[in-house]
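Working notes, structure below.
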Amino acid sequence: MFRHQGTSRSDRQNRLLAGYLAFVGGFVNSVGFVLIGSFTSHVTGLVGRATNNFANLQVGAGAAALTMVIAFYTGAFLASVIVESNVLGAPGRSYGLALFVEGALLSIFAAWSWGTAWVAAHPRLADAQGILLCMAMGMQNSLVTRLSGAVVRTTHLTGVFTDLGIESARWFRWWRKTAEEKLRIRLVVGPNAPELPHKPKLLLLLTIASSFVTGALVGALVVGKLAHASMVIAAGAVFAFAIFAVIDPQAKEESPINSRR
């Protein structure tokens with residue numbers, strides 16, 4: 001899984017990476033929302049919340065939301081520094097270290113959020129806890145982006161569903177061309193010939209979307225039973241992946257960063 005980076009990775013490797021961590025992203029996002037009332041796996045909603053708070057002169061709430069955005073950025077920065085620096089002497093170990101830090105952030109959140117009733121009465125404390133989740137998700141998105149060569153994102157679905165729409169349109173036009181040849185009826189319009197759809201890309205996008213949604217659903221079900229302890233499951237999944245990365249350290253340094261894409 002961590003032996004190859006960027007263009008040297010196979011479609012299957014990217015699907016496995018995407019499926020595993022997209023599930024974690026959806027799980028964390030769902031559990032975090034139930035426990036602290038904020039989505040933490042992406043920053044779009046947080047930016048909207050911050051600007052709305054500032055416009056309504058709710059400076060404290062706006063500053064808290066903005067801090068969560070900065071935390072996501074900081075997590076992405078930290079993960080990239082760990083991987084770029086190759087501090088442990090092998091890229092696989094560096095990815096493992098970044099994943100370990102992410103798991104530690106999730107574990108700290110689980111321990112800190114034990115007093116759920118108290119958090120409900122202190123929204124700024126809930127935002128402070130959200131900083132941990134935002135940083136963890138920023139780290140995950142950064143290391144996955146670098147490892148896959150900017151092919152995989154695992155903490156949000158906006159771009160995924162956009163790409164699914166594009167690929168679906170290509171499949172639709174290609175299907176009409178095939179039907180046109182059999183039925184001898186003109187079904188394809190426009191001067192551009194239909195492009196052959198890229199099946200591996202469509203499978204990857206479907207893997208990310210289905211895994212994220214499944215993770216979110218499981219998270220929503222589990223948090224109702226385990227409350228704050230739910231995040232321990234996500235932390236354990238990340239720690240397991242970190243161990244897997246460390247025991248397979250001989251990665252080939254073929255990344256989008258180094259190729260100056």
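- Looking only at side-chain heavy atoms (C-beta outward), Val222 and Val31 stay at 4.5 Å or farther from each other.
- The hydrophobic clustering, which links ILVMFWY residues whose side-chain heavy atoms are closer than 4.5 Å, places Leu35 and Leu226 together.
- Panel note: side chain Ser142, backbone Ala76; a donor-acceptor pair is recorded below 3.5 Å.
- Under a hydrophobic clustering in which Ile, Leu, Val, Met, Phe, Trp and Tyr are joined whenever their side-chain heavy atoms come within less than 4.5 Å, directly or via other members, Val101 and Ile108 fall into the same cluster.
- Taking the side chain as every heavy atom from C-beta outward, Trp112 and Leu125 approach each other to under 4.5 Å.
- Counting only heavy atoms from C-beta outward, the side chains of Arg146 and Glu84 approach each other to under 4.5 Å.
- At distances below 3.5 Å, at least one donor-acceptor pair connects side-chain atoms of Ser211 with backbone N or O atoms of Thr207.
- Side-chain contact between Thr154 and Phe212 is absent, with no heavy-atom pair separated by less than 4.5 Å.
- Two different hydrophobic clusters hold Phe77 and Leu143 under the rule that ILVMFWY side chains link at heavy-atom gaps under 4.5 Å.
- Using a distance-only test at 3.5 Å, with no hydrogens or angles considered, a donor-acceptor pair links the side chain of Thr51 to the main chain of Gly48.
- Heavy-atom minimum distance, Val246 versus Gly96: CG2-CA, 3.9 Å.
- For the pair Asp127/Ile36, no side-chain contact is recorded, criterion being any heavy-atom separation below 4.5 Å from C-beta on.
- For Phe54, the CZ atom is densely surrounded, since the number of other residues' heavy atoms within 6.0 Å is greater than 12.
- In this structure, the side chains of Thr155 and Asn29 stay at 4.5 Å or more apart for every pair of heavy atoms.
- With hydrogens and angles disregarded, a donor-acceptor distance shorter than 3.5 Å links the side chain of Ser148 to the backbone of Val144.
- Taking 4.5 Å as the limit, some side-chain heavy atom of Phe23 sits within range of a side-chain heavy atom of Val218.
- By the 4.5 Å heavy-atom criterion applied to side chains, Leu106 and Val28 are counted as neighbours.
- Counting only distance, with no hydrogens or angles, the side chain of Ser168 and the backbone of Leu164 share a donor-acceptor pair below 3.5 Å.
- The aromatic rings of Phe100 and Phe239 are tilted relative to each other, their planes meeting at an angle between 30° and 60°.
- Between Gly32 and Met231, the shortest heavy-atom distance links the atoms N-CE, 4.2 Å.
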Give the C-alpha distance, both sets of side-chain angles, the deciding distance and a yes or no for side chain to side chain contact (heavy atoms under 4.5 Å, CB included) between Leu204 and Val152.
CA-CA 8 Å; Leu204 175 62; Val152 177; 4.1 Å; yes

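- At least one donor-acceptor pair under 3.5 Å links the side chain of Tyr20 to the backbone N or O of Ala237.
- No continuous path of ILVMFWY side-chain contacts below 4.5 Å connects Leu221 to Val232, so the two sit in separate hydrophobic clusters.
- Distance alone, capped at 3.5 Å, places no donor-acceptor pair between the Thr40 side chain and the Leu133 backbone.
- Checking side-chain atoms of Glu102 against main-chain N and O of Met137 turns up no donor-acceptor pair under 3.5 Å.
- Taken together through direct or relayed side-chain contacts under 4.5 Å among Ile, Leu, Val, Met, Phe, Trp and Tyr, Val34 and Met68 form part of one hydrophobic cluster.
- Note that the CZ atom of Phe109 and the SG atom of Cys134 stand 10.5 Å from one another [nearest 0.5 Å].
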